[in-house]
Amino acid sequence: MQNRIRAVRWQEMVTPLAAVILALAIGAGFILFVGENPLTAYKILFVESFGNLRNLATTLQRATPLMFTGLAVAFGYRAGLFNIGAEGQLYIGAFAAAWVGFTLTGAPRFIHLPLAIIAGMLGGALWGSIPGYLKAKLGVHEVINTIMLNFIALYLTDWLATGPFHGGSWVPETARIKPAAALTRLYPPTRLTTGVFLALLAAFVVYLVLWKTRQGYELRAVGLNPDAAEYGGINVARNTVLAMAISGALAGLAGTEQILGLHNRFIVRFSSDLGFMGIAVALLGKNHPFGVILAAVLFGALQTGSAAMDRLTSVPRELITIIQALIIFFVAAEYLIRRILRMKEGA
Amino acid sequence: MDKVLEMRAITKQFPRVLANDRVDFDLNYGEIHALVGENGSGKSTLMNILYGLYQSDSGEIFVRGKKVDIHEPRVAIDLRIGMVFQHFMLVEPLTVAENIVLGSELRKGPFLDTKRAIQEVEDLSNRYGLRIDPRARIDDLSVGLQQRVEILKALYRGAEILILDEPTAVLTPQEVEDLFKVLLSLKEQGTSIVFITHKIKEVLAVSDRVSVLRRGRKIGTKATAETNEQDLAEMMVGRVVLLNVEKEPAKPGAEVLRIENLTVKDQFGQEKVRGVDLSVRSGEVLGIAGVEGNGQSELVEAIAGLQKAAGGKIFLGEQEITNWSPLRIREAGFGMVPEDRHRRGLVLDYSVADNLILGLHGKKPFVHYGMWRDDKAVYANAEEIIEQYDIRPPVATQPARSLSGGNQQKIVVGREFTQNPRLLICAQPTRGVDVGAIEFIHQQVIAQRDQGAAVLLVSAELDEIFSLSDRIAVMYNGQIVSVMPAAEVTEHKLGFLMLGGRLEDYEAHEVSGNAKQD
Amino acid sequence: MGDILALLFNTAVFAAALRMATPLIFAALGGIFSERSGVVNIALEGMMLIGSFTAMFVSHHTGMPWMGVLGAVLAGLIVGLLHAVFCIRYRANQVVVGTAINIFAGGLTVFLLRYYFGAAGTSPSVATVSDITIPIISQIPWIGRIIGRQNPLVYLAILAVVAAHIVIYKTSWGLRLRAVGEHPRAADTVGVNVYRMRYLAVALSGALAGLGGTYLSIAHLSRFSEGMTAGRGFIALAAVIFGKWTPFGALGACLFFGYADALQMRLQDVGVPTQFMNMLPYVLTMVALAGFIGKSVGPKAAGEPYIKG
C-alpha cells in the first residue's frame with residue numbers, strides 16, 4: 001500500500017520534470033541560434049545560481065516573491081478558481097504595506113513590521129475577494145475579472161504613488177518606509193531577507209489550512225465537486241469568496257515582501273510579471289505548497305543565473321523568460337507529455 | 001423488400017454496463033415503430049449507434065438492403081437517416097432557418113443565400129404542415145416549436161428514416177397531440193419513423209409496431225393492434241423478482257416527514273413537483289415508484305434543501321424545515337443517499353476516508369476547536385465503516401474514483417446510515433451496483449427502518465420498490481397519483497399507474513377483465 | 001463649461017481617438033473570431049507584441065513597410081496556430097496557454113531585439129507606413145479633419161470591421177463559426193468539422209492581432225520598444241466583451257477607449273488623473289460582465305475543449 005502511494009506521487013512529478021527538460025531542450029535551440037554552446041550557457045546558469053552560498057542566497061531572494069504568488073494561484077486552484085489576478089493583488093498589497101511602512105512613525109519594529117505585513121495581506125485579500133464575490137453572487141467567471149483588476153490595480157497604485165502619496169522626488173514612487181517596517185537582511189551583501197522565512201511559513205500554513213483543517217476540507221471539496229460540497233452542507237458561495245480572499249492575501253504578501261524587503265518604498269510598476277509567473281510556478285508545482293516552493297526556487301535560480309549568462313555569453317537573459325513560458329506550455333499540455341512518454345514505453 | 005432498415009445482433013458494452021445485448025431491430029417502409037423500455041434499457045444507445053454517434057462492438061446494420069458502416073453522423077445523413085435528439089442539437093442564438101441549413105448551407109458564392117434558405121424552409125414546413133417562422137431565433141421558441149425545427153432539420157437533409165428520441169418527454173399534452181399529427185402525416189408521405197418512448201399510451205396512439213427493450217435485451221416485437229397496455233407494461237417491467245430481503249412487518253411510529261402541498265420549479269420556472277402531500281412515519285419504508293423524470297428528483301432535492309421549494313411546507317418531526325440550508329437539515333436528523341453518487345454523493349478525488357466524513361466534516365470527533373482536523377478520528381471512522389460495510393479494497397487512503405460502482409455506493413450508504421438519521425432518503429440506492437452489493441444495501445435499509453428511521457425510497461426498479469416498501473406511492477407528472485399499502489399493489493397496477501394511467505381506469509379495466517374471465 | 005465642450009468635441013481629439021483605436025480594433029476582431037469559435041484568447045497581447053516586432057524587423061531589413069505588415073500578419077498567424085494546437089489538439093487550458101503565449105512573446109521579442117540590435121530597449125528607427133490624404137473627404141469641413149488624412153492602416157481597420165461583420169453574419173463559414181462556438185456538438189451532428197473551424201478561427205485571430213501590433217511599431221511610431229503593446233491586447237479583450245462579441249460593437253468600444261486615451265492628456269490639465277482614464281476600459285468591462293449595463297454573455301462553449309464522440 002505504501003508503495004502504491006509512492007508510485008502515485010512519483011507519477012505526479014513526471015509531467016513537471018518532463019516539461020522542464022523539454023523547455024530546456026528548446027531553450028538550447030535558442031542558445032545555438034545566437035551561436036553559443038548550450039552546455040556552456042547552462043553550466044553558467046547553474047553555477048551562478050547554486051555554485052556558492054552567495055549565489056544561492058540570491059536565488060532564494062529571487063524565488064521568494066514567486067513562492068507567494070505561486071501559493072496564491074495554487075490556493076485558488078485548489079478551490080476550483082483560476083486566479084490570474086495575482087499581479088493586481090500584489091500591487092494593492094504592496095501599496096498597503098508601503099503605506100503603513102511610511103505613515104506610521106515611532107512604532108517599534110515588533111509592532112510596525114507585523115502591521116505592515118498585515119496591511120499587505122488585507123490589501124491583497126480585498127482585491128482578491130472582488131472577483132470572488134462577483135463569481136459567488138452573480139456567476140461571473142473570475143478569469144476576465146481578475147485580468148481587468150490587474151490593470152485597475154496597476155493604474156490605481158500608479159496614481160496613488162504619483163499623486164496623493166508621491167514621495168517628492170522626480171521618480172514615480174512613494175516615500176521610503178521607516179526602518180522599523182523593513183525586513184531584516186540575512187546575508188549581506190545579498191538582498192535575501194527574513195521574507196524567505198515568511199514565504200516558507202506561508203507554504204506550511206497553506207498546507208495546514210488545505211489538508212489539516214475543516215476549512216481546507218470545504219475549500220477543496222468546492223474545488224473538486226461543488227454539487228457534492230453543497231450536498232455535504234458546505235456553503236459554496238462563502239467558500240468561493242474566502243478562497244479568493246486568501247489567494248489574494250498570499251499575492252498581497254508577495255508585494256509586501258518586495259516592498260519591505262527589497263525596494264523599501266512603493267515604486268510604480270515595480271513587479272516584473274511576478275503575479276503571472278506565479279501561474280507558472282503553481283502549475284509546475286502541481287498546485288501543492290511544497291511543489292510551489294521547489295518550482296519557485298527553480299525559477300529564482302533561472303533568473304539569478306541569467307544575469308551572469310547574459311554577462312558572460314552573448315545569450316540575452318530573456319532566454320529565461322522564454323524557457324519559463326515553454327514550461328507553462330508543456331505543463332499545461334499534460335496530454336501531450338503523457339503521449340510522448342507512452343510512445344517511448346510502447347517502443 | 002419491405003424493410004428500410006435492419007439491425008442484427010447489435011452489442012454494445014460500456015465500461016460497467018452491457019447497454020445492448022445482441023439486439024435485433026427492423027423498420028418497414030412507411031411505418032412508425034415504437035421502441036419502448038425503461039430508462040437505461042438501451043433504447044437510446046441502439047439509436048445512437050444507428051446515427052453513428054456510437055460504434056457497436058458487434059452486429060450488422062442494413063439500410064435498404066445494403067450492409068452499411070455508420071462510423072459518423074455524416075454517413076447516417078448521407079443514408080437519409082435523421083435523428084431528433086432528446087436534448088436538442090440547436091444553436092440558440094441562431095434563427096430557425098440558420099439552424100436548419102447549418103452544415104448544408106445554400107450559397108451564392110461565399111455568401112449565405114438567406115432568402116432561398118428561408119424560402120426552402122417555408123416550403124418544407126408547408127409540405128409537412130410544420131408551421132414555423134424561419135426568421136425566429138431559437139431561444140425565442142417554445143420547446144414544442146424547437147422540436148419542430150429539429151424535425152425540419154432532418155427532413156431538410158432528405159431524411160427517409162427519422163429517429164425521435166423521447167420526443168414527448170419535454171412537451172405539453174397539446175404539443176404531444178400536434179406532434180402525433182405531424183408523425184402520422186410524415187408517415188403518409190413515406191417517411192419511416194422510429195419513436196423512442198417509455199409512455200405506453202403514446203405507443204398505442206401512434207405506432208404500427210412496437211419493440212420492447214429491457215436491460216439491454218430485446219424482449220419482443222408486436223403489432224400495436226395486437227397488444228394492449230397491460231401486455232406492454234408487463235413486457236417493459238418484467239416479472240417482479242422479489243429479492244432476498246428478510247423483513248418483519250413494519251411497526252410504524254410517529255410521523256417523521258410531512259409534506260404539504262409542495263411545489264418545486266426548475267430553473268426555467270416549470271413546475272416539476274406540483275402540489276405533493278406526503279407523510280412518512282418512523283419505522284416504515286415508503287417507496288415512491290415512477291418512471292424517472294416525473295418530479296422525484298426535485299421532490300427529494302427540495303426535502304434535502306438542495307432546491308428551493310416554490311410553495312408548500314416540509315416538516316421534519318415537529319419542525320418546519322422548508323428551505324433551510326442543507327447543513328441545518330442534516331443536523332436536524334436527516335440523511336440521504338442521492339440518486340447520482342458521482343454528482344452529489346461523492347467527491348471522487350477525495351480519499352475513501354474523506355468521503356466518509358462529507359457532511360460530518362465540521363463535527364466532533366473529526367475536528368477539534370471547530371477547526372483542526374483529527375486525522376486519527378477520520379481514519380478510525382473510515383476503518384470502522386469500511387469493515388462494517390465491507391468496502392473493497394479496504395484502503396481508506398484510496399481515491400473514491402478508483403473503486404467500483406458498488407463499493408462507491410457503499411461509501412455513501414455507510415456514511416449516511418451510520419449517522420442513524422431520523423429521516424433517511426434513499427434515491428436509486430442500488431443503481432449501477434453489483435448484485436451482491438444490492439442485497440447488502442437492501443438489508444441495511446431494512447435495518448435502518450427497524451431501528452426507527454423513517455425511510456423514503458425512490459426507485460425506478462420495481463423489484464426494489466416491492467422488496468423494501470411498506471407503503472408504495474406512485475409519482476407521475478409531478479404529482480403523487482396514489483399511496484397504497486404494499487400488500488395491495490400488484491405489479492400490473494403499479495405499471496399501469498406509473499405509465500400515466502388513472503386508478504379509476506385501472507379498477508374499471510380489472511373489473512371488466514375479471515368479468516370476461518368469468 | 002464651453003472650454004470643456006470644446007475639449008470633448010475637438011477634431012484633433014477625434015482624429016487621435018481613431019488612431020489610438022486602430023490597433024485595438026484589429027486585435028479585438030481577432031478576439032472575436034477566436035472566441036466565437038469557442039477558444040478563449042487572452043493571448044492577444046502577446047500576438048500583438050510579436051506582430052509589432054516582426055513588422056519592425058521586416059521593415060528594417062527590406063526597407064518596405066508593407067512587407068513588414070505582411071510579415072506581422074504571418075507571424076501572428078503562426079502564434080495563433082500555436083495557441084490552437086495547444087488548446088485544441090492537446091486540450092490544454094486555454095487561459096493557461098494564453099498566459100504562456102503572453103510571457104513567451106514578452107521574452108522572445110526582447111531576446112531577438114537584444115540579439116539583433118544590441119542592448120538597448122528599443123530598435124533603430126525603420127521605414128513606416130505613411131499617412132495618406134483622401135482627396136474629396138479631406139475637403140469636407142470638420143469630418144475631413146478627422147478622417148481625411150490618416151494612416152492607411154486606420155482605414156484598413158474600419159474596412160476589416162465591415163469585412164468581419166460580413167464574414168460572420170453573411171457567409172456559410174460565419175454561420176458555422178457561430179454554431180461551433182455555441183454548441184459544437186450540434187454542429188458536429190450536421191457534419192461541420194469543429195476542429196478545423198477552430199484552427200482556422202484562432203489562426204485568423206493571431207493574424208489580426210499581429211496586424212494590430214503592426215500599427216504600433218511601423219505606423220504610430222517608427223520603432224519597436226520593449227513591451228510596447230502595454231496592455232492593449234487586454235483592452236482589445238475588454239472591447240470584445242464590451243462590444244458583446246460583435247465587430248461593430250467592438251468597433252464602438254475601441255473608438256470609445258481610444259477616445260478616452262486621446263483625452264487623457266487634455267483632461268489631466270483640468271484635474272482628471274490620467275490613470276483614471278486608463279482604468280476606464282477595465283472598469284467598464286467589469287460592470288458590463290456583472291450585468292449592470294445589459295449583460296454581456298459570450299459564446300456558450302468558449303473555454304471548453306471539444307471532445308468528439
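The chains referred to below are lettered A, B, ... by the order of the sequence lines, with proteins before strands, and numbering in each begins at 1.
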Greater than 12 external heavy atoms within 6.0 Å of Tyr133(A)'s OH: no
Toward chain C, the part of Phe82(A) with a non-hydrogen atom under 4.5 Å: side chain
Between Gln89(A) and Ser247(A), a side-chain donor and acceptor under 3.5 Å: no
Phe270(A) atom CZ, over 12 foreign heavy atoms within 6.0 Å: yes
Proximal component of Ile323(A), with respect to chain C [non-hydrogen, under 4.5 Å]: neither
Proximity breakdown for Asp310(A) and chain C, heavy-atom pairs closer than 4.5 Å: side chain
Portion of Val143(A) that has a non-hydrogen atom of chain C nearer than 4.5 angstrom: side chain
Option in Leu280(C), Val95(C), Val40(C) with maximal non-hydrogen atom pairs under 4.5 Å from chain A: Val95(C)
Atom CZ of Arg91(C) with >12 non-hydrogen neighbours under 6.0 angstrom: yes
Part of Ile152(A) lying under 4.5 Å from any heavy atom of chain C: both
Which atoms of Ile320(A) approach chain C - backbone, side chain, both or neither, heavy atom under 4.5 Å: neither
Contact leader toward chain A among Gly106(C), Cys87(C), Pro273(C), where contacts are heavy-atom pairs under 4.5 Å: Pro273(C)
Residue part contacting chain A, namely of Phe234(C), when any heavy atom lies under 4.5 Å: both
Worked check of side-chain contact (heavy atoms from CB on, under 4.5 Å) between Val281(A) and Val73(A): CA-CA 9 Å; Val281(A) 169; Val73(A) 177; over 6 Å; no
No-hydrogen, no-angle side-chain donor-acceptor test under 3.5 Å, Ser271(A) and Glu87(A): yes
Side-chain donor-acceptor pair present, Glu36(A), Thr313(A), cut-off under 3.5 Å: no
pair Phe86(C)-Ile101(C): side-chain heavy atoms closer than 4.5 Å: no
Heavy-atom pair count under 4.5 Å with chain A, highest-scoring of Val96(C), Ile235(C), Thr285(C), Val97(C): Val96(C)
Leu82(C), part contacting chain A, at a heavy-atom distance under 4.5 Å: side chain
Contacting moiety of Ile147(A), where chain C heavy atoms sit under 4.5 Å: side chain
